[in-house]
Amino acid sequence: MDEKEYQEYQSKKEYLTGYRKACKKIESLKEQLESLREIEQSVKSQQLSDMPKGNNRHQDLSDLMVKLEDLQAQIADAIMKSCKIKLEIEEALWKLKDPEEARVLRFRYIYFAKWEEISKVMCYSRSQIKRIHEKAIKNLKMNHNEPF
């Protein structure tokens, strides 16, 4: 494999890993959302006394609600982006002539399966799966300009 072929191969792998990265971003945002919701519950559950206090608590809760809404919008955007990436990858896989190549790439980059899992499901050795994977990457036609 010459330098140009190697760069193209790496670019295709980066393209395929874009879906995993998008899914991890969604997980991270959901973890942040859960953390903010715990803080929200903590703030709401604090007992109010009849002693006069400043208005900061109300402002803090309002700020928290704005952050929650913003985070929920970010999650919705990230989900839409991940769906778009997945569909683009699936379209590229449908165009592969060899269904075994498509299966290997689907298991690896859509289902996030490990090499051992793929070889077990497809009844091939790990080295055969890696050869199919390499061939599939080379045969993959991409319709993108840059990785996700």
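Just so we're clear, the structure is a prediction, and the values are computed from it rather than from any experiment.
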Evaluate the side-chain proximity of [Y] to [X]: yes if any heavy-atom separation is below 4.5 Å, no if none is.
| X | Y | answer |
| --- | --- | --- |
| Glu116 | Lys120 | no |
| Lys130 | Trp115 | yes |
| Tyr111 | Glu117 | no |

Which atom pairs, donor and acceptor, lie under 3.5 Å between side-chain atoms of residues 27-35 and protein residues at least two apart or in another chain?
none

Would you compute the distance between atom [atom1] of [X] and atom [atom2] of [Y] and round it to the nearest 0.5 angstrom?
| X | Y | atom1 | atom2 | result |
| --- | --- | --- | --- | --- |
| Asp77 | Ser82 | CG | OG | 11.0 Å |
| Met65 | Leu36 | CE | CG | 11.0 Å |
| Thr17 | Glu14 | OG1 | CD | 4.0 Å |
| Lys97 | Asn139 | NZ | CG | 8.5 Å |
| Leu105 | Leu16 | CG | CG | 6.0 Å |
| Glu5 | Asp2 | CD | CG | 4.0 Å |

Would you name the heavy atoms of [X] and [Y] that are closest together and state the gap between them?
| X | Y | answer |
| --- | --- | --- |
| Leu96 | Ala136 | CD2-O, 4.0 Å |
| Ile132 | Glu100 | CG2-O, 3.9 Å |
| Ala22 | Ile85 | CB-CD1, 3.9 Å |
| Ala102 | Leu93 | CB-O, 3.7 Å |
| Arg108 | Arg20 | O-NH2, 3.8 Å |

Please evaluate residues Tyr15 and Glu88 with respect to the criterion side chain to side chain contact (heavy atoms under 4.5 Å, CB included), reporting the C-alpha separation (whole Å), side-chain torsions for both, the decisive distance (0.1 Å), and the verdict. CA-CA 10 Å; Tyr15 167 76; Glu88 287 176 5; 3.7 Å; yes

Practice problem: Look at the rings of Phe112 and Tyr19 and say which category their plane angle falls in: under 30° parallel, 30 to 60° tilted, over 60° perpendicular. | Solution: parallel

* Asked: Do the ring centers of His133 and Tyr109 come within less than 6.0 Å of each other?
  ->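 They qualify: ring centres under 6.0 Å apart.
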
**Study point:** ring pair (Phe, Tyr, Trp, His ring centres under 6.0 Å) against Tyr6, all qualifying residues, sequence neighbours excluded
**Key:**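 Testing Tyr6 for ring pair (Phe, Tyr, Trp, His ring centres under 6.0 Å), a comparison that skips the adjacent residues, returns none.
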
